[in-house]
Amino acid sequence: MNSEVEVLRKKDISSYIDFIKDTFEYEALSEVIEKLIRKNKVLIIKKEKRVIASVTLEERIDYVKNQKYYFLSYFGVLAEYRRQGYASKLFEKVEEMVRENGINYIELTSGNQRRGAHYFYKSKEFKIKDTTVFVKLY
């Protein structure tokens, strides 16, 4: 494994859209991804020009606690590349950015069915918050 972590650029959007569809079963639009990369950092790992792993970092501020944090989303690895260290490589880069940018903590949500991901997060010392997420769709 010698693929490097890099920031998603416009030239990789098509491959990233395929990655999102294959990994999370969501359809994404090019113009939406362009907006995403203007406002957030999307870290990727490619193998032969194909995005095989990714995580999105959104910097947020908890104004009450006066703390900066990263909210992570779409953290995943294509099925055929799992258990090969790519998620750990992405997470190492996230932690490097945490130190460089004075971030106080990292937060993410994960679907109940993503047991493998939960094992990974726990191995990286994430704690499960005692909370329930409520969503109202329109």
Side-chain angles (χ1 to χ4, degrees):
M1 175 183 68
N2 59 3
S3 302
E4 294 301 316
V5 176
E6 54 188 271
V7 175
L8 179 67
R9 291 181 175 45
K10 280 188 177 185
K11 68 182 177 76
D12 297 310
I13 287 177
S14 177
S15 179
Y16 180 74
I17 288 171
D18 292 341
F19 166 82
I20 292 294
K21 184 177 181 181
D22 293 342
T23 306
F24 300 102
E25 299 177 358
Y26 294 133
E27 297 289 336
L29 301 173
S30 224
E31 54 270 14
V32 174
I33 302 303
E34 287 183 30
K35 286 180 189 175
L36 174 74
I37 63 177
R38 280 196 299 271
K39 294 185 174 207
N40 304 289
K41 288 267 192 251
V42 179
L43 303 178
I44 61 171
I45 296 176
K46 295 188 299 189
K47 196 165 192 103
E48 299 170 7
K49 297 185 181 184
R50 180 181 184 204
V51 174
I52 63 162
S54 179
V55 62
T56 299
L57 291 78
E58 178 185 347
E59 187 174 311
R60 295 181 178 178
I61 298 174
D62 181 326
Y63 289 100
V64 173
K65 296 176 185 174
N66 192 30
Q67 293 182 333
K68 292 192 308 185
Y69 67 100
Y70 282 147
F71 183 81
L72 306 184
S73 58
Y74 299 104
F75 193 171
V77 178
L78 286 176
E80 62 266 34
Y81 295 99
R82 291 181 186 152
R83 299 190 182 279
Q84 296 178 35
Y86 294 108
S88 290
K89 195 168 193 176
L90 281 172
F91 190 70
E92 287 169 13
K93 182 64 175 177
V94 169
E95 287 193 309
E96 178 184 311
M97 294 172 69
V98 162
R99 290 186 295 276
E100 289 173 355
N101 295 304
I103 300 297
N104 297 95
Y105 61 94
I106 300 169
E107 186 172 271
L108 59 86
T109 61
S110 184
N112 290 331
Q113 76 284 6
R114 298 190 70 222
R115 302 272 186 232
H118 300 172
Y119 178 79
F120 173 78
Y121 302 141
K122 289 176 184 176
S123 78
K124 298 300 181 190
E125 301 178 357
F126 279 83
K127 306 291 183 235
I128 298 174
K129 287 173 69 174
D130 186 23
T131 185
T132 301
V133 176
F134 291 86
V135 176
K136 183 176 181 180
L137 303 176
Y138 291 93

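Only a predicted model underlies this, so the values are computations on that prediction, with no experimental measurement involved.
- Proximity of a side-chain donor or acceptor of N101 to a complementary backbone N or O of M97 within less than 3.5 Å is detected.
- Residues K89 and E92 are not paired through a salt bridge, judged by the lack of any N-O separation under 4.0 Å between the basic side chain and the carboxylate.
- The shortest distance between side-chain heavy atoms of I17 and I13 falls below 4.5 Å.
- Shown here is E100, whose CD atom has more than 12 heavy atoms of other residues, nucleotides or ligands within 6.0 Å.
- A heavy-atom distance below 4.5 Å is found between the side chains of L57 and L72.
- Between V51 and D18, the closest side-chain pair of non-hydrogen atoms is not below 4.5 Å.
- By the 4.0 Å N-to-carboxylate-O rule, E80 lies close enough to R50 to be salt-bridged with it.
- Aromatic ring pairs are classed by plane angle as parallel below 30°, tilted from 30° to 60° and perpendicular above 60°; the pair F120 and F91 is perpendicular.
- With hydrogens and angles disregarded, a donor-acceptor distance shorter than 3.5 Å links the side chain of N104 to the backbone of K68.
- I128 is listed as a side-chain neighbour of K122, based on a closest heavy-atom distance under 4.5 Å.
- The distance from atom OG of S88 to atom CD of E95, rounded to the nearest 0.5 Å, is 10.0 Å.
- Put simply, OG1 on T23 and CD1 on I20 are 6.5 Å apart, with the number rounded to the nearest 0.5 Å.
- A distance of 11.0 Å separates OG in S15 from NZ in K49, rounded to the nearest 0.5 Å.
- A distance of 9.5 Å separates CZ in F75 from CZ in F24, rounded to the nearest 0.5 Å.
- Side chains of R9 and V7 form a contact here, defined as non-hydrogen atoms less than 4.5 Å apart.
- Closest of all the heavy-atom pairs between V55 and V94 is CG1-CG2, 4.0 Å.
- Under the 4.5 Å side-chain criterion, counting only non-hydrogen atoms from C-beta, L36 is in contact with Y16.
- Residues G76 and F19 approach most closely at O-CZ, 3.3 Å, considering heavy atoms.
- Environment of NZ in K124: crowded, with over 12 heavy atoms of neighbouring residues, nucleotides or ligands closer than 6.0 Å.
- At a threshold of 4.5 Å between side-chain heavy atoms, the hydrophobic network of Ile, Leu, Val, Met, Phe, Trp and Tyr places L90 and Y69 in two separate groups.
- Distance check, rounded to the nearest 0.5 Å: NZ of K93 to CD1 of I44 gives 13.0 Å.
- The side-chain hydrogen bond (donor to acceptor under 3.5 Å, both in side chains) contacts involving residues 52-65 comprise E58-R60, where partners must be two or more places apart or lie in separate chains.
- By the neighbour-count criterion of 12 heavy atoms within 6.0 Å, atom OH of Y81 is densely surrounded, having more than that number from other residues, nucleotides or ligands.
- Criterion: ILVMFWY side-chain heavy atoms under 4.5 Å apart, direct or through other members. Under it, F71 and F126 are not part of a common hydrophobic cluster.
- Residues satisfying the salt bridge (Lys or Arg N to Asp or Glu O under 4.0 Å) criterion with E6, sequence neighbours excluded, are K46.
- Residue I52 holds its CD1 atom at 4.0 Å from OH of Y86, rounded to the nearest 0.5 Å.
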